[in-house]
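These notes concern the structure reproduced below.
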Amino acid sequence: MDDLQAIYYRKRIRKLISITQFLKEENEQDLYHNYYNENIERIKKYEKEILSCINELEDFGPQCPNFKSMGRIKNFNDVLDHISNLELTIHSKSSLPKTICCEVYKEGVSIFNQSQLNFDVEIIKKNKKTFLNKLKELNIGEWKNIYVNPNTLDGTSWELKFYFDNSKKVKKYHGINSYPYNFKKILELLEYK
């Protein structure tokens with residue numbers, strides 16, 4: 001690879017990162033806008049292209065840029081193999097809090113879906129390997145710890161906690177009227193209703 005090709009790949013990576021960041025920020029502000037799912041697909045496509053460009057640059061040598069978010073994703077995905085519990089709580093102004101607890105054990109995953117209004121607990125069983133792979137696809141390691149939309153006074157707050165069986169600290173993410181760009185995907189995975 002010559003210098004011109006390396007310059008091209010670096011510029012292409014910067015452009016793709018800029019586009020994906022814009023799409024992520026657009027999704028963070030509104031889970032229900034018309035282009036939410038389309039943005040998710042475009043983000044996946046651009047992230048694959050970014051990785052492809054990085055692979056091309058690695059052949060070029062030490063001038064390959066280091067992308068922190070890619071490292072955070074890998075680090076988080078590595079510790080996901082040690083997850084023991086996951087807890088998602090959503091508070092809405094118009095209803096009582098709803099909590100989804102997820103227990104990960106050797107054979108599988110159990111999801112407990114309970115509303116404060118209803119004492120019935122719905123239990124959903126899932127395959128552990130499939131569940132962890134879908135969690136890894138969400139790139140949660142690149143999420144910010146806090147999401148806040150200061151332009152909305154009342155609305156929804158949420159908190160997502162990960163507990164690990166290898167003595168890792170609890171990993172928490174939370175927000176008020178703002179969400180990670182792919183938050184709906186974790187709601188789907190946990191079968192939030």
Side-chain angles (χ1 to χ4, degrees), residues 7-57 64-77 79-80 83 86-95 97-100 102 111 113 131-162 171-193:
I7 290 168
Y8 165 79
Y9 283 118
R10 282 196 289 277
K11 283 184 176 182
R12 182 74 182 142
I13 290 169
R14 283 189 204 100
K15 179 77 171 175
L16 290 168
I17 288 173
S18 176
I19 292 168
T20 56
Q21 191 59 41
F22 171 79
L23 294 171
K24 289 174 183 179
E25 288 171 3
E26 186 175 57
N27 275 13
E28 287 172 7
Q29 296 306 316
D30 186 1
L31 286 178
Y32 302 101
H33 68 76
N34 293 336
Y35 301 111
Y36 184 91
N37 288 327
E38 186 179 317
N39 282 358
I40 294 290
E41 293 307 313
R42 290 170 63 196
I43 289 166
K44 283 182 186 176
K45 178 183 140 195
Y46 294 144
E47 286 179 340
K48 283 181 185 175
E49 191 173 339
I50 289 168
L51 289 174
S52 174
C53 289
I54 288 172
N55 288 336
E56 290 293 328
L57 275 174
C64 179
N66 180 12
F67 296 101
K68 290 180 186 174
S69 67
M70 298 294 181
R72 286 194 313 266
I73 292 168
K74 183 185 178 326
N75 291 342
F76 187 80
N77 285 351
V79 298
L80 270 180
I83 188 172
L86 177 151
E87 185 178 294
L88 173 65
T89 303
I90 297 179
H91 300 268
S92 176
K93 180 186 177 207
S94 60
S95 65
K98 183 170 185 176
T99 300
I100 297 174
C102 178
I111 300 172
N113 200 334
F131 181 81
L132 290 178
N133 285 338
K134 288 186 180 199
L135 262 181
K136 289 176 182 181
E137 288 173 9
L138 294 174
N139 295 333
I140 293 171
E142 73 177 342
W143 286 9
K144 297 180 271 187
N145 291 328
I146 301 170
Y147 290 83
V148 177
N149 181 352
N151 300 321
T152 306
L153 295 177
D154 292 329
T156 303
S157 65
W158 60 272
E159 182 175 55
L160 178 63
K161 297 179 195 174
F162 290 89
K171 182 65 180 161
K172 296 180 188 178
Y173 300 94
H174 59 277
I176 302 169
N177 301 315
S178 184
Y179 313 87
Y181 71 94
N182 55 357
F183 192 72
K184 277 172 73 174
K185 296 293 183 186
I186 199 158
L187 295 179
E188 291 169 10
L189 180 62
L190 298 174
E191 299 188 31
Y192 178 83
K193 298 172 186 155

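Side-chain atoms are counted along with the backbone in the values below, which use heavy atoms only and exclude waters and symmetry mates.
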### Message
Is the positively charged end of Lys172 above the ring of Phe162, judged by distance under 6.0 angstrom from the centroid and angle within 45° of the axis?
### Response
no

### Listed partners of Glu26 passing side chain to side chain donor-acceptor pair (under 3.5 Å), at least two apart
Asn39

### Lys48 atom NZ, neighbour heavy-atom count above 12 within 6.0 Å
no

### Task
Look at the side chain of Asn177 and the backbone N and O of Asn149, then say whether any donor-acceptor pair between them is shorter than 3.5 Å.
no

### Query
Just checking, Lys184 and Tyr179: is the charged tip under 6.0 Å from the six-membered ring centre and within 45° of the axis?
no

### Query
Quick one: CG on Leu160 to CZ on Phe183, what's the gap to the nearest 0.5 Å?
7.0 Å

### Query
After noting the C-alpha distance and the side-chain angles of Lys161 and His174, does the key distance pass the side chain to side chain contact (heavy atoms under 4.5 Å, CB included) rule?
CA-CA 9 Å; Lys161 297 179 195 174; His174 59 277; over 6 Å; no

### Message
If you define the side chain from C-beta out and look only at heavy atoms, does anything of Lys11 sit under 4.5 Å from Arg14?
### Response
yes

### Query
Can you name the nearest heavy-atom pair linking Cys102 to Phe131, along with the distance?
SG-CZ, 3.6 Å

### Task
Apply side chain to side chain contact (heavy atoms under 4.5 Å, CB included) to Cys53 and Tyr8, showing your working.
CA-CA 9 Å; Cys53 289; Tyr8 165 79; 5.7 Å; no

### Task
Would you indicate whether the side-chain heavy atoms of Ile140 and Ile186 approach each other to under 4.5 Å?
yes

### Check against side chain to side chain donor-acceptor pair (under 3.5 Å), Glu47 and Asn139
CA-CA 11 Å; Glu47 286 179 340; Asn139 295 333; 3.2 Å; yes

### Message
One pair to check against side chain to side chain contact (heavy atoms under 4.5 Å, CB included): Val148 and Ser178. What are the steps and the verdict?
### Response
CA-CA 5 Å; Val148 177; Ser178 184; 5.5 Å; no

#### Entry: salt bridge (Lys or Arg N to Asp or Glu O under 4.0 Å) assessment of Lys185 paired with Glu137
CA-CA 10 Å; Lys185 296 293 183 186; Glu137 288 173 9; over 6 Å; no

#### Entry: CG-CD distance between Leu23 and Glu41, expressed to the nearest 0.5 angstrom
12.0 Å

#### Entry: Contacts of Tyr173 that satisfy ring pair (Phe, Tyr, Trp, His ring centres under 6.0 Å) - sequence neighbours left out
Trp143

### Task
Take Asn182 and Asn27 through the test side chain to side chain contact (heavy atoms under 4.5 Å, CB included) and record every step on the way to the result.
CA-CA 7 Å; Asn182 55 357; Asn27 275 13; over 6 Å; no

### Query
Out of curiosity, Ile43 CD1 to Leu16 CG, how far, rounded to the nearest 0.5 Å?
12.5 Å

### Task
Using the test side chain to side chain donor-acceptor pair (under 3.5 Å), find all partners of Asn151 that sit at least two apart in sequence or belong to another chain.
none

### Task
Give a yes or no on this: more than 12 heavy atoms of other residues, nucleotides or ligands lie within 6.0 Å of atom NZ of Lys136.
yes

### Task
Please name the pair of heavy atoms, one in Tyr36 and one in Pro180, separated by the smallest distance, quoted to 0.1 Å.
OH-O, 4.4 Å

### Task
Mark yes when over 12 heavy atoms from residues, nucleotides or ligands other than Tyr35 sit less than 6.0 Å from its OH; otherwise mark no.
no

### Message
Could you tell me if the side chain of Trp158 sits less than 4.5 Å from the side chain of Leu187, heavy atoms only?
### Response
no

### Query
Between atom CZ of Arg42 and atom CG of Asn37, what is the distance when rounded to the nearest 0.5 Å?
13.0 Å

### Query
Is there a side-chain contact between Glu191 and Ile111 (heavy atoms, below 4.5 Å)?
no

### Message
Can you list everything that forms a side chain to side chain donor-acceptor pair (under 3.5 Å) with Ser52? Sequence neighbours excluded, please.
### Response
none

### Contacts of Tyr181 that satisfy ring pair (Phe, Tyr, Trp, His ring centres under 6.0 Å) - sequence neighbours left out
none

#### Entry: side chain to side chain contact (heavy atoms under 4.5 Å, CB included) partners for Thr89, two or more places apart
Glu87, His91, Pro97, Thr99

### Distance (rounded to the nearest 0.5 Å) between Leu80 CG and Phe76 CZ
4.5 Å

### Query
Do Leu135 and Leu86 come within less than 4.5 Å of each other through their side chains, counting heavy atoms only?
yes

### Query
So, are Arg12 and Glu49 salt-bridged, with charged N and O less than 4.0 Å apart?
yes

